[in-house]
Amino acid sequence: MATTMRPDAAPSPAHHHHPTYHEVTRDIAATLGHPKRGYFILFGFVLLVLAAGIVALLYQIRRGLGVAGYSPPVMWAVYVTTFVFWVGIAHSGTLISAILYLFRSAWRTSVYRTAEAMTVFAVMTAGLFPLIHLGRLWYAYWLFPYPNQRGLWVNFKSPLVWDVFAVSTYFTVSTLFLIVGLIPDVAAIRDRATGWRKKLYTITALGWRGADYQWRHYVKAYLYLAALATPLVLSVHSVVSWDFAMSIVPGWHATIFAPYFVAGAIYSGVAMVITLMVPLRKVFRLERYITVVHFENLSKLLLLTGMIVAYSYLVEYFIAWYGGNPIERATFWNRAFGDYWWASWTMILCNGALPWLLWFRKIRRSIPALFVLSLFVNLGMWFERYVIIVVSLSHEYEPYAMGNYTPTWVDWTILAGSFAWFFMWFLLFAKNFPTVSITEVKEIIPWPRRREVRA
Amino acid sequence: MTRWVVPVTTGAAVVVVGALTVFAARGLRSQGPASPKVQPDTVVDLTYEAPVDVDTVGLPGPRQPIFYRHDVHAGQYRMDCRYCHYNVERSPSPGLPSLASCMGCHLIVGSGNPEVQKLRDAVAAKQPVQWVEVHRLSQFVHFSHERHVVAGELNCKECHGQVNRMPQVYQFASLKMGWCIACHKTKEYKDQPGRPVTTDCSACHY
Amino acid sequence: MSGHPGGVLAAFRHVDDAAQAIRDLRAKGFADVTAYTPVPNQEIAAAIGRQSSPVRLWTLLGGLTGLGLGLVMTLWMSLDYPIVVGGKPIPSVIPYIVIMFELTILCGALATITGLIVHAVRSRRPAAFDPRFTDDHIGVFVPCAPEGRGAVQQLLQAAGAEEVRIEA
Amino acid sequence: MTDGMNRRKFLKVLGVTGGGAAAMAGCSTERVEKLIPYLVPLEDQIPGLATYYASTCRECPAGCGVYLRVREGRAVKVEGNPDHPVNRGRVCARGQASLQGTYNPDRIRGPMERTLTGTFAPITWEAAITRVVERLKGAPAGSLWFLTGNEGGSFDRLVRDWLSALGSSHAVTFEPFAYEALWQANRAVFGIDAIPSYRLGDAECLVSFGADFLETWLSPVEHARGFAAAHGYHDGRMGRYVHVEPRLSMTAMSADEWIAPVPGTEGVLALAMAHVIVNHHLERAPADAVQLRGLLQPYEPDQVAGRTGVPAETVHRLAAEFAARPSLALPGGAGTQHRDAQLTAVAVNLLNYVAGNVGRTVVFEPAASGGNGSYVGVADLVAAARRNEIGVLFVHGANPAYATPPGLGVAEALAAVPFKVSFARCLDETAALADLVLPDHDPYEQWNDYTPRAGVRSLLQPVMQPVFDTRQTGDVLIDVARRMGGALGARFAGAAPEGGYKAYLQERWGELQRELADRRPFDEFWREAVQRGGVWRDLPASPVRVARDIALNPPTPTGGGRFTAIVYPSPTLYDGRGANRPWLQELPDPVTKVTWGTCVELHPDTASGLGLAEGDVVEVRSAAGAIEAPVYLYPGLRPDVVAVPLGQGHTAYGRYADGRGANALRLLGPEPAAFGGVVRYADVTVAATGAHVVLAKTEGKNRQLDRGIAQAVTVAGIAAGALEHKFHLPEAAPIPEREERILDEVARKQREATKYGPYAFETSRWGLAIDLAKCTGCSACVVACSAENNVPFVGEAQVARRREMQWIRIERYFEGGGPGEPLEARFVPMLCQQCGNAPCEPVCPVFATYHTPDGLNGQAYNRCVGTRYCSNNCPYKVRYFNWYDQSTPDDPRTFAWEEPLHWLLNPDVTVRSKGVMEKCTFCVQRIRGAQNEARVAGRDLADGDVVTACQQTCPADAIVFGNLTDAGSRVARLAADPRRYRVLESLNTQPAVTYLMKVRNLGGEA
């Protein structure tokens, strides 16, 4: 928390007609409490889809990966695509909560909690896919270097092992970060809640009182967590990108992959934040705290990362031509004009072209427009991974062994199931914990004082 | 300066934990019947007499259709293992005595012994005795007795234990990979001192 | 319920009042004043006046430990059962850097949290509390013997406390 | 030995090996296994070690000698008999799959009789034989017919003896490919009733008029050996091979030049060449060649160019080459299946004669007994049946109900026969019509002999206990004879009472021994023969002269339909008898790479003309009938020709064959042609049906996109130094010399850093060399590999998803073929390259794949978790994933080892389970086995101690395996050959597989 922030710090988004501290507590606490019928219907639907996904998975485990659409040489497909997609989604959360925190940007305060929760749940979703796509997932624990009677260890040269470490670290750290941030809020709610919720929050508040000796360590710890999370978030998607870049597959083996993936990740993540925030704001009546200004800032972030992504696309094609390697060239020719041209152009349209609309202030400030746009970006980013993975694999070195891939119902059901899994957690969270940080929103509201500050 | 103490100690603790993992691994590996311990050779013990009546139930190892006494045959009468397991020096699999070779002796010997009678009945009925396998390797492990016994000059008991003292044979060694490796890491090629026998995966797994 | 040595508890609305009151109290020798704020506040922290938290040391040492662990683990494990892949050196440090980095972050974060808990608990001071302090009031608790309470109460009221009450 | 054999009971055998059972257990180790000892030890069986028995392959009339590898009493693999004169230790794909006939789950498990309801019901042998005896007693002698396949040995003799003793002479032999035209032509031209042996090895110039001599024609394995010897590239010299046929067959793909004449005009072309030779090039011609001038007069090249569509100068060029060197012209295959087949055969005989090849490369030996019979024979049988002249019909080793054009009406005819006995091993179309089925032993379960050609008597011996309750037909016939008593009984009361067919066989061999003037006691002679697999000797060539009166009936003009359909024998399924072997069904057709079905080959231009795309189902209709099958776009055809393989479209014959694909025979008319055979050409129309399917083919792209996968040079090119600057992927820019040095330094340092632990010591590096100048694409290696390494078949649906698992595949690429440029096809056997810097290894998180100290790219199946990253990162795409559990009966949909097929499993190789990656490891089990032997014997491995399955079976000897670090080894020498190259070398994967460029001889440097 901004210890160095003075009450009269830079004009905050919520500057004009501040709510009082009390209003903040009241309004946000109001978002919790007993949900309405609509919530349960939605939740039931989510559980249904999740169940379908689980059934599909069990079927796949029973019979073998053959029930998915894999057709060699395409040995990775929807599952790895979806893995990268969800890891990407996660990133914006950490960006907003940690990086923007270090940059002291005030506007993050009312959106970071949602983003952070999204991060944790997205990583929880992503983490499933490396397992789902294994031929023998019951041996997945072999991927960890645990002492065993065979005396065998894992291959630390394999990017997949890097992944294991990166993703599990990322999950741990972002979860801690979320929990730490929650403590003062939970305490605030505790002091207002009644009944079983009171008990729940009393426990989860870990005895927080906001005493000076608590703030003193808390503030530092939070700062250092943010400091650790920042390089981590950059590293995680770099490592994920190395799953591909470390190989010799034409279309994968590129040095630009790390920055390209990180930008893409944040891009998709911001889009997902918008997708979540728009309905949330309506349902929870948070218009006062999540204002057009926040969306405009988010969309600027979207525009920036979108431009980086578009640039990366250009560079990929340029290097393929400029590098002069005929196989690389063939691969990219195939991407643009081969059997999968539709996927490639979907991706280029959604990620490369549409964000240009954000140059217009009108669109940046139109919440419906942003919502629609964010959906397109999500779609586009999923296809980006699909193109990178499937299309590259379908057109490698050995012409005789080239071939195409089409998913089956199992792929689709498990993909849908992953969304259900994500939203299940998110819905549970939204109704039981503040989706807007009480404490941090208060922080940007100046304290009432009796005398003027002496400069 | 008390506030230094806690972090320092904890930091140290983490290091120790790290180190422990490593050594735990070591430990885990060497535990189990590590490099086969060779008991004093009892073949010279001419006085050994196998206990007269033993109760199968109390004994380790699976119960066999016929209570064949290795301790009597290999122990008391000091028959060479290779008399029955005739292939051990020329084939990956040691070979299982045919009932005919049992009858070689038991046509005459052992009348009145109910277990021997079972054998004779089986032969009469032309029904092979279905022994229960004691030492079992997975089908993805390929082990050659020939190479270990002839080239490796290993004594049977290093892996099978003192069968000549077992009324009912039980699995002496774990036969797990760690156990194999433990031995392979200590042994050397007979003709190339200093060269450890292979720990290459494809020596056994193919 | 009093899990605390009795004293005086005041609730402030204005941050400058509260800060001033704390400064006065400390001037009068009340060392262990406890201040509650719904959000961290520089003025109050300054008024209370304690050195910055040692948690950063935990972060540092945790990180270094992780780094060391990563180094030892990757190298030892690849030498323990040497296997050649892709014609690369059996211990190759460059790919292992990724592992070391991740472990640095992981251990650093875990150590930081441990530090937070340890210190928050260790520097704990028993004091009275009021729910308003997590909402919109600044709380100040001054532990003192019953005979001195009157003076403190006056001081706090003078400082502009909205409410002052004796906590037995 | 045989007695040991007979005492053996499978229960025991299975128990001892546990091979089958344990294999089924997949990777679970928790089951209690029983150990079941022999009652009596088998003197020739050592548990855990293989025993080899010599026998003879009966998959086609070629009659190759084989060794059966037997483990614990069950045959697990077929290998060539190195001594056998026909195949010299090599076996073709069909031979490799023959054990799937033995262990076929659809074999008839015991005698059956037809019940009143028309279905079959089991019956005891006793009852069955009694039934036969009754029927025979009731039937008039003349009404007794016996239809056999080409038995070519003592069994033929038995049948004839047996019939004659019963007073009948109606023994008919039916072999679908009986080469009637050749027999007739040889009679007509040389007055000799025989098929000569064609010495391909001595022919420096080979012209094949349609003969698919590397696929099915006469003796493919033998031909491949000769062809490799003559046409392989040996220091600057190689033969030249021109193929004349409207379709580019697999055999033709090895040709240096492909000439596609108007269908049916091969003969005219041959005569035109002969014409040129007798008029201009008589250097090598025999004296009486000139007398043919008159006969050949009308065939002046310019005259016939119009008819054949082959320009005169081509004919002159070919004739000149043909006459200049020891040459050979082959009549056969598609060239001898059309109406004018006999003309072709006669013409080719004349061509060989005038070129002086007869007696040199075309050698007539004293006629071998029997022969292939003729289609006319079956036609007569059918006619007789229609006239109700057949009372009792015995059928053995022939399946006319499937293998003749439906128009002949075999089924209807048989319906008119009151009592039909079939000795079939599988319930094929003919057996399905029988009243009584007395299943014969499989060739590998029986005593028998076979005479592939004069001078070669090849033996069959039972290598194991019969799998089912079958009886050898010879024994049955003799048993029947004994019960019949009378003349018949007397005939077989003979020498060995109760001896049965084995005794009869030994009588025949006694005669042979006398014939050979062998003085040893018979037992000795017999034992040696059994061990060697037969007896053989070289016979003197019988001199032949061209007949004085040869009539050349002019070719009939082709007419009618829009296209000419060529119906050719499938290189994998032959005439259809291979269709119930899953390995052969899944073996990609060497030309089309299509598996598990029939496809109609159409020229791409033709297809686009008809608006057809690959996979579109079309109806091909002729006067005789129609079939429906998907289109395969094949540039190796004349645009006016469509081609359809035989072998599919069974209506019985077991689960793997029944109802699969289309039977191309439907297109053919039943009436025998002038030469006595079936005309396998038809005038057809092609029409789309609107349906579309995904072809189950293993091929992605059929062009290699200039990636240098399959490289080739010409003899002239080599002479001009083409090998100096070798093909590489064009780099972005040449690496500067300084960087080069740094890179080398880095590489050296890296190699040093890998010398640690077990890697620190000098070991071998295993390598393979494949000579593309010899590889004919026959795909024998593919099946051999599957058999050796327990590679499961996955079925049509999975292949359609490109999930086939054969560890070695034959890639077939096309070059050229554009307007004005000749179409060229190249084969590349692609298997794991065992890279020195293997991209697959470092990406595996669990070290399941890694580099062994002896340079293999090891794969520990039981460690694999199935991330499949290795396969993504493999530039050669030679890693295969177990998408389903092919190894457990739990999932019948994917189970590949239906009992008793699982008895084929090689106990030395892990059976992979669901979710793991598998691949070629240079038959590591053979390497380890040899290493163990060497260690135990206290010696080092010598070159040739280890032979991989693919190398072992390669008919052309194109594959050589060995230790690359041993400079003296064959493979090391080949790896240094100027023609060497390594696939995708610019990736610096350092493959252990060296390819030697294909060499093409474009002529002119004779």
Side-chain angles (χ1 to χ4, degrees), chain A residues 1-7 20-22 25 145 151-157 161-162 165-166 168-169 172-173 176-177 180 184 187-188 190-192 208-221 224-225 227-229 231-232 235 239 242 439-440 442-443 447-451 453, chain C residues 13-17 34-45 48 50 52-56 59 63 73-74 77-78 80-81 83 85-86 88 92 95-96 98-99 101-103 105-106 108-110 112-113 115-117 119-120 123-125 127 129 131-136 138-139 160:
Chain A
M1 332 249 102
T3 39
T4 56
M5 176 184 288
R6 264 169 226 75
T20 67
Y21 277 23
H22 181 66
T25 323
L152 285 176
W153 304 108
V154 298
N155 175 9
F156 291 110
K157 299 184 186 86
V161 171
W162 305 349
F165 278 79
S168 43
T169 304
T172 321
V173 173
L176 290 175
F177 203 46
V180 172
R190 170 199 62 200
D191 297 339
R192 263 126 224 101
W208 183 265
R209 286 177 158 188
D212 59 287
Y213 57 81
Q214 289 175 320
W215 282 123
R216 174 168 155 245
H217 304 298
Y218 179 97
V219 160
K220 275 278 173 287
Y224 290 122
L225 277 182
L228 288 172
L232 177 62
S235 83
V239 169
W242 294 336
T439 316
E440 295 211 23
K442 284 180 186 168
E443 271 187 57
W447 267 102
R449 351 174 34 94
R450 210 178 286 280
R451 297 166 291 278
V453 209
Chain C
R13 264 217 169 281
H14 299 98
V15 64
D16 45 0
D17 292 352
T34 302
Y36 300 99
T37 48
V39 301
N41 182 291
Q42 187 69 349
E43 273 176 288
I44 305 293
I48 293 282
R50 285 204 174 70
S52 87
S53 158
V55 166
R56 49 188 176 166
T59 315
M73 184 178 77
T74 49
M77 284 181 180
S78 32
D80 177 49
Y81 199 125
I83 294 177
V85 289
K88 299 179 179 355
S92 7
Y96 298 170
V98 178
I99 307 291
F101 171 83
E102 299 297 342
L103 285 181
I105 303 286
L106 183 61
L110 292 173
T112 311
I113 298 298
L116 168 59
I117 295 166
H119 287 294
S123 56
R124 173 135 199 256
R125 266 178 275 114
F129 176 71
R132 279 175 295 171
F133 302 154
T134 56
D135 181 9
D136 56 352
I138 298 171

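Order of the sequence lines fixes the chain letters, A, B, ..., with proteins taken first and strands second; residue numbering starts at 1 for each chain.
- When side chains are defined from C-beta on, His217(A) counts as touching Pro54(C), because their heavy atoms get closer than 4.5 Å.
- Proximity to chain A (any heavy atom under 4.5 Å) is shown, for Ile117(C), by neither the backbone nor the side chain.
- For Arg132(C), the part lying under 4.5 angstrom from a heavy atom of chain A is the backbone only.
- Distance alone, capped at 3.5 Å, places no donor-acceptor pair between the Arg190(A) side chain and the Pro131(C) backbone.
- A ring-centre distance under 6.0 Å is not found for Phe165(A) and Trp162(A).
- No part of Ala45(C) comes within reach of chain A, as not one of its non-hydrogen atoms sits under 4.5 angstrom from that chain.
- For chain A, the option among Thr74(C), Asp135(C), Leu116(C) with the highest count of heavy-atom pairs below 4.5 Å is Asp135(C).
- Taking the six-membered ring where the residue is Trp, Phe133(C) and Tyr36(C) present parallel rings, their angle staying beneath 30° rather than reaching 60°.
- For chain A, the option among Thr59(C), Ile44(C), Leu110(C) with the highest count of heavy-atom pairs below 4.5 Å is Thr59(C).
- Using modelled atom types, no side-chain atom of Tyr213(A) and backbone atom of Thr34(C) make a donor-acceptor pair closer than 3.5 Å.
- A donor-acceptor distance shorter than 3.5 angstrom exists from the side chain of Gln214(A) to the backbone of Arg209(A), with no hydrogens or angles considered.
- Interface remark: of the candidates Leu103(C), Thr112(C), Thr37(C), Thr37(C) forms the most heavy-atom pairs closer than 4.5 Å to chain A.
- Comparing Val55(C), Ile99(C), Ile83(C) by how many heavy-atom pairs each has under 4.5 Å with chain A, the most go to Ile99(C).
- Using a 4.5 Å cut-off between heavy atoms, Trp208(A) does not touch chain C at all.
- For a residue to count as touching a neighbouring chain, one of its non-hydrogen atoms must lie under 4.5 Å from one of that chain's; by this rule Thr169(A) touches chain C with backbone and side chain alike.
- Here the side chains of Arg125(C) and Asp212(A) are in contact, with some heavy-atom distance below 4.5 Å.
- When each of Leu225(A), Val154(A), Thr20(A), Val173(A) is scored by its heavy-atom pairs under 4.5 Å with chain C, the top score falls to Leu225(A).
- Proximity to chain A (any heavy atom under 4.5 Å) is shown, for Ser78(C), by neither the backbone nor the side chain.
- Between the side chain of Trp153(A) and the backbone N or O of Asp80(C), no donor-acceptor pair lies under 3.5 Å.
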